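Before any comments, here is the structure.
None of these values were measured; they are calculated from a predicted model. Note that ligands are numbered from 1 as they come in the structure, with each ligand's atoms numbered from 1 the same way.
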Amino acid sequence: MCGIVGFTGAESAAQNILEGLEKLEYRGYDSAGVAVLNDGIISITKVTGRIAALKEKTNNGLALPGTTAIGHTRWATHGAPIDINAHPHISNDGRFAVVHNGIIENYMDLKVSLIKDGYRFESETDTEVVVHLLEKYYNGSMKDCIRKVAAKLKGSYALGILCTEQPNKIFATKQSSPLILGVGVGENYFASDVTALISHTQNVIYLEDGEFAEIDRESIKIYDCTGTEIKKSISHVNWDIQAAEKGGYEHFMLKEIVEQPRAVKATLTPRIRDGKIVLDDLDLDLTGIHKVLITACGSAYYAGCAGKYIIEKLCQIPVELQLASELRYSSLIINDGTLLIVLSQSGETADTIAAMKECSEKGAKTLAIVNVVGSTVAKLADYTLYTNAGPEIAVATTKGYTTQLATLYLFSVYAAGVLGRLSKEKYSQLIKELLSIPKLLQETMDMNSKIENTAKKYFNSSSMFFIGRNTDYAVALEGALKMKEISYIHAESYAAGELKHGTIALISEGTPVIALACNEDIKEKTISNMVEVKSRGARVLAVALNDDKKIAMLANDIIYVPRFDSVFSPILEVIPLQLLAYYVAKFNGCDIDKPKNLAKSVTVE
Ligand code: M6R
């Protein structure tokens with residue numbers, strides 16, 4: 001939700017912080033700030049708005065001399081996005097500055113007691129209690145102080161700290177929020193995620209909950225929650241710098257859409273060897289599994305909706321779906337015969353993590369399908385299948401979603417094979433179909449090079465409906481979410497047969513209805529629903545299999561995807577919907593990569 005970064009070295013710290021914050025801006029972008037420690041004084045600069053405004057205010061960091069600093073980009077939770085609530089926060093005596101990602105749940109109680117002690121609060125944030133607690137408990141040792149402060153805090157936090165009495169040092173600790181240390185040469189860092197670090201170093205240390213890092217330019221010391229120094233291994237991140245850059249595209253979203261054939265190939269092909277699916281990371285006895293439960297949020301949940309159809313069809317195991325934010329409050333039957341599949345691009349979504357913990361406690365085995373290596377979801381899971389999508393920067397997920405689908409496909413065929421639910425011939429046919437997906441994704445992209453023109457006819461709509469049945473419905477859910485999150489157009493997805501039970505009342509002259517009709521098994525029924533809305537004035541944009549003349553005659557506009565007679569066809573169908581949302585948002589002048597009110601990684605419940 002927020003991004004934090006810290007630097008200590010020999011160069012301008014502010015410039016390094018600003019560069020890192022730009023990479024983390026997708027995590028939150030309503031206000032930002034930097035604190036530089038120079039000659040025993042902490043100077044803080046804050047802005048309401050984006051990192052660009054912070055760069056301008058600080059003359060690209062040149063106005064802030066010093067080689068040790070921390071910075072923050074915010075997605076407001078407690079307190080409006082205005083300068084006083086922006087981080088870093090400073091202690092009353094000016095000795096400490098703090099940046100924070102997460103939520104201090106007991107901040108009200110702490111605030112009341114700190115006010116009684118005489119501390120003065122400047123902001124409405126939960127974070128500010130931390131900086132006053134640091135002032136209260138500091139006795140010359142940061143290690144002791146952090147332990148005392150951490151013992152007072154409830155909730156989630158990744159904290160970066162400066163102290164005027166500790167020159168050239170930055171401090172970091174975490175609980176349930178991500179924090180990574182970057183190991184450089186003559187300089188060291190911390191950051192909320194690796195994208196902020198990879199232009200400087202690919203060597204990182206993943207900090208665990210309760211650990212505390214004391215970082216100077218030559219060394220990083222890490223202590224566990226008892227205060228004992230521990231040695232941690234350095235991991236090498238294989239994401240390259242270009243992967244986190246726009247590479248000539250106008251937006252990250254477009255770049256990431258275009259990258260999908262490659263990303264899906266990287267997901268599928270290393271796991272298909274000699275005509276067989278090999279999931280090295282999945283050493284699980286599937287015969288004891290009576291039920292699969294899928295949980296996730298947003299698009300990841302919608303990937304799960306598509307996954308349900310295919311797992312049930314191929315494996316003949318019952319599959320339940322539950323939104324992660326609802327799972328803990330449901331009465332689902334979960335036990336050691338349950339396989340929980342958790343989907344997450346970031347691996348840091350708070351609701352998903354909470355749902356996962358709940359299911360683990362009840363005995364479920366957990367399989368994470370996740371993109372970010374070393375993320376909390378990956379670490380918590382019994383088994384992890386990485387989606388290999390590379391860094392996804394645009395807030396609206398595209399390659400994150402399709403690589404989740406691809407991984408679910410792999411899992412379904414693998415599990416169906418292990419459970420003996422497929423004939424040899426069917427298994428080989430499915431493998432062939434899986435291997436053909438990257439090429440077909442490229443064809444889908446090429447077939448839709450004119451979608452920009454179609455978008456021109458729809459961009460000034462105030463409301464849209466996305467309809468489909470079965471797997472087409474699962475894709476409609478994702479299509480509508482893409483449309484609303486980046487174009488701000490009200491978009492609803494409906495199971496096509498359900499419209500006539502109420503929603504059809506909203507259809508009037510010119511209402512856009514995006515009808516997904518790629519599932520040949522139920523296409524005729526969807527066609528009836530298209531006709532129903534058309535007779536009530538709707539403008540129908542159909543998504544159909546290449547050269548489907550019948551649908552072309554009925555629809556006002558048509559988008560084709562390649563004919564792919566396969567249970568895996570939904571992965572193609574979503575591509576034109578991503579492109580349509582992209583161009584509709586573009587024509588509306590929207591901030592495509594950073595839509596309003598959103599953040600990429602939702603680390604609050
Ligand atoms: O990182 P996650 O996959 O756990 O994120 C889940 C959702 O927040 C995410 O898919 C969200 O819905 C996307 N912005 C949609 O494009």
Side-chain angles (χ1 to χ4, degrees), residues 1 3 26-29 75 177-178 192-193 195 251-254 256-257 260 263 294-307 321-327 340-356 366 368-381 384-408 466 474-475 477-488 491 493 574-575 577-582 585 590-605:
M1 306 272 14
Y26 70 90
R27 300 176 69 89
Y29 34 85
W75 186 87
S177 288
S192 298
D193 100 22
T195 48
H251 297 101
F252 276 110
M253 183 177 177
L254 187 58
E256 288 159 8
I257 290 174
Q260 288 177 106
I294 302 181
T295 197
C297 298
S299 293
Y301 177 75
Y302 295 147
C305 293
L321 275 163
Q322 184 60 271
L323 285 164
S325 54
E326 289 291 317
L327 193 143
L340 178 79
I341 300 184
V342 181
L343 295 151
S344 178
Q345 188 285 129
S346 63
E348 300 297 347
T349 303
D351 284 318
T352 305
I353 292 168
M356 202 175 168
T366 54
I369 294 180
V370 64
N371 192 36
V372 177
V373 176
S375 57
T376 306
V377 166
K379 282 192 216 141
L380 284 175
T384 298
L385 293 174
Y386 285 111
T387 52
N388 300 346
E392 191 180 61
I393 310 289
V395 165
T397 182
T398 52
K399 62 175 180 171
Y401 170 87
T402 43
T403 53
Q404 283 164 355
L405 276 189
T407 313
L408 284 165
F466 286 68
V475 179
L477 290 162
E478 172 61 4
L481 177 57
K482 278 299 78 89
M483 184 60 75
K484 58 193 147 195
E485 76 176 325
I486 59 167
S487 75
Y488 318 143
S493 41
V574 75
I575 304 293
L577 301 184
Q578 295 169 344
L579 287 164
L580 182 72
Y582 174 81
C590 299
D591 191 345
I592 293 178
D593 285 337
K594 300 189 187 87
K596 67 180 179 194
N597 303 338
L598 288 174
K600 177 93 183 143
S601 184
V602 185
T603 54
V604 293
E605 285 179 41

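- Applying the side chain to side chain contact (heavy atoms under 4.5 Å, CB included) criterion to Ala406, with sequence neighbours excluded, gives Val264, Thr267, Leu268, Ile571.
- Side-chain atoms of Thr384 and Lys379 include no donor-acceptor pair closer than 3.5 Å.
- Looking at residues two or more places apart in sequence or on another chain, you find a side chain to side chain contact (heavy atoms under 4.5 Å, CB included) between Ala355 and Thr295, Ala324, Leu327.
- Side chains of Gln260 and Thr398: a donor-acceptor N/O pair is absent below 3.5 angstrom, by distance only.
- Partners of Ser325 according to the side chain to side chain contact (heavy atoms under 4.5 Å, CB included) rule, which considers only residues two or more places apart in sequence or in another chain, are Leu323, Asp351.
- Closer than 4.0 angstrom to ligand 1 by heavy atom are Cys297, Gly298, Ser299, Ala300, Ser344, Gln345, Ser346, Thr349, Val395, Ala396, Thr397, Leu481, Lys482, Glu485, sorted by chain and number.
- Between the side chain of Tyr302 and the backbone N or O of Leu481, no donor-acceptor pair lies under 3.5 Å.
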